[in-house]
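Following: one structure in structure tokens, then a few remarks.
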Number of protein chains: 2
Amino acid sequence: MKIDNATAQMRKGVLEMCILASVSIERKYATEILNHLKSVDLIVVEGTLYPLLARLRSAGLVGYEWEESASGPPRKYYLLTKEGELFLNELTSGWNALHNSVKNLINPKSKKS
Amino acid sequence: MKIDNATAQMRKGVLEMCILASVSIERKYATEILNHLKSVDLIVVEGTLYPLLARLRSAGLVGYEWEESASGPPRKYYLLTKEGELFLNELTSGWNALHNSVKNLINPKSKKS
DNA sequence: CTTTAGTACCTTGCATTGCAAGTTACCTTT
DNA sequence: AAAGGTAACTTGCAATGCAAGGTACTAAAG
């Protein structure tokens, strides 16, 4: 199906922001992030998330804390650094700007400035 | 700069929709599309646009008409096919859904429906 | 007529990156 | 000990945005 691929495309590039936003609410480990995003209909999978988290970490935008789990292997809780918070603000600004541009493009009449 | 790269990332996947939307207003040739997108602050370049137009064409979403130019080489005017119109509708729906998801993620309180 | 400049089309190759699939490791239960 | 569940991570592929380069046509300048 073409449409599936296209909507998948649209999610690209927004993931970074979404993950930062998810973690900014409260520290989370990977599976929690996946479930959180899924709960707002943003399907992400492990193979996407882990490399992205690694990138965000090496960029200094997130840190993590290991914590033992009552049942199962230890968990790596990710949380935003101060840099990450600033960056998330910039990303949301960029996102809003994009949304605005697209709105103007699709519906040129409603320029509410 | 990190932020530039990130906002560039966000534009990915939305381009297809934007190009279809631009052409749907009236038939345009490549340079006009570029200028139109630039006018709403969506910077796209030739190297991106031409392969994408080729993809849209081979997917049957756009057609084109050659037309002589008073000054310069002939122009290839792109226009939406009926399939393309349907597809554009689906894309905008997907875009709205994405926007909604992100809104819920970033600002969980304002669930207006 | 030849050269330069402008416009328009298109292609090649690289780097990024989302994702499917597979791997390792720990803990609990049978 | 074996099986199952959870969690972290890696590898390799395919898609794709984009910089850079190339071709072709017209008009104007030399």
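Reminder, nothing fancy here: chain letters follow the sequence lines and each chain counts from 1. Note that the structure is a prediction, hence the values are computed from the model and not measured. Excluded from the calculations below are hydrogen atoms, water molecules and symmetry mates; all remaining heavy atoms, backbone and side chain alike, are included.
Ring orientation note: the planes of B/Trp95 and B/His99 are close to parallel, at an angle under 30° on the 30°/60° scale.
The separation between B/Leu53 atom CG and D/dT16 atom P is 14 Å, rounded to whole Å. The distance from atom CG of A/Leu52 to atom P of C/dA20 is 14 Å, rounded to the nearest whole Å. Between the CG atom of B/Leu15 and the P atom of D/dT16 there is a distance of 11 Å, rounded to whole Å. Straight-line distance from the CG atom of A/Leu49 to the C1' atom of D/dC9: 11 Å, rounded to whole Å. Here D/dA7 presents its P atom at 17 Å from CD of A/Glu65, a figure rounded to the nearest Å. B/Leu56 places its CG atom 13 Å from the P atom of C/dC10, with the value rounded to the nearest Å. The distance between atom CD1 of B/Ile43 and atom P of D/dC18, rounded to the nearest whole Å, is 10 Å. Note: NZ (B/Lys76) to C1' (D/dA24) measures 14 Å, nearest angstrom.
Between B/Arg11 and D/dC18, a side-chain N or O to OP1/OP2 separation shorter than 4.0 Å is present. Note on B/Thr48: a side-chain N or O is less than 4.0 Å away from OP1 or OP2 of D/dC18.
Atom CG of B/Leu98 is separated from atom OG of B/Ser93 by 12.5 Å, given to the nearest 0.5 angstrom. B/Asp41 contributes atom CG, which lies 8.5 Å from atom CG of A/Asn104 (distance to the nearest 0.5 angstrom). Separation of atoms CG (A/Leu42) and CG (B/Asn100) is listed at 10.5 Å; rounding is to 0.5 Å.
The stretch residues 26-39 of chain B comes close to DNA chain C through B/Tyr29, B/Ala30, B/Thr31, each having a heavy atom under 4.0 Å from the strand. Residues from residues 16-25 of chain B lying near DNA chain C, meaning a heavy-atom separation below 4.0 Å, are absent.
Nearest heavy atoms, A/Val62 versus A/Leu53: CG2-O, 4.3 Å. Scanning all heavy atoms of the two residues, the minimum distance from A/Val14 to B/Val102 falls at CG1-CG2, 3.9 Å. Across all their heavy atoms, A/Leu34 and A/Val45 have their closest contact at CD2-C, 4.0 Å. Summarising the geometry of B/Thr81 relative to B/Gly60, their closest heavy-atom pair is OG1-O, 2.7 Å, with the distance given to 0.1 Å. Across B/Tyr50 and B/Ala30, no two heavy atoms sit closer than the pair OH-CB, 3.3 Å. When all heavy atoms are compared, the tightest approach of B/Leu91 to A/Met10 is O-CE, 3.5 Å.
Annotation for B/Tyr77: hydrophobic cluster partners, listed by chain and number, are B/Tyr29 (ILVMFWY side-chain heavy atoms under 4.5 Å, direct or chained).
Ion pairing between a basic and an acidic side chain is recognised when a charged N comes within 4.0 Å of a carboxylate O; B/Arg27 and B/Glu67 show such pairing.
Ranking C/dC19, C/dC9, D/dG17 by closeness to the B/Arg55 side chain, first place goes to D/dG17. Listed nucleotides: D/dC18, C/dC10, C/dG18. Nearest to the side chain of B/Tyr50: C/dC10. Nearest nucleotide to the side chain of B/Gln9, out of D/dA8, D/dG17, C/dT16: C/dT16. For B/Trp66, the listed nucleotide lying nearest its side chain is C/dC9; candidates were C/dG18, C/dC9, D/dG17.
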Taking N or O atoms only and anything under 3.5 Å, show me the protein contacts with nucleotides 12-14 of chain C, one pair per line.
none

Between the protein and nucleotides 22-30 of chain C, list the N/O to N/O atom pairs that are separated by less than 3.5 angstrom.
{"residue": "C/dT28", "atom": "OP1", "partner": "A/Ala70", "partner atom": "O", "Å": "3.4"}

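With B/Asn96 contributing its side chain and B/Thr92 its backbone, the two residues share a donor-acceptor pair below 3.5 Å. No donor-acceptor pair under 3.5 Å is formed between the side chain of A/Thr48 and the backbone N or O of A/Val44. Judged purely by atom type and a 3.5 angstrom limit, A/Lys28 uses its side chain to pair as donor or acceptor with the backbone of A/Ser22. Checked by atom type and distance alone, the side chain of A/Ser101 pairs as donor or acceptor with a backbone atom of B/Val40 at under 3.5 Å.
Counting heavy atoms from C-beta on, the side chains of A/Glu85 and A/Ser24 never come closer than 4.5 Å.
Closest-nucleotide positions on DNA chain D for A/Lys12 and A/Tyr77 were compared, and the one nearer the 5' end corresponds to A/Tyr77.
An angle of 20°, rounded to 10°, separates the two end axes of the helix from C/dC1-D/dG30 to C/dT30-D/dA1, each defined over five pairs.
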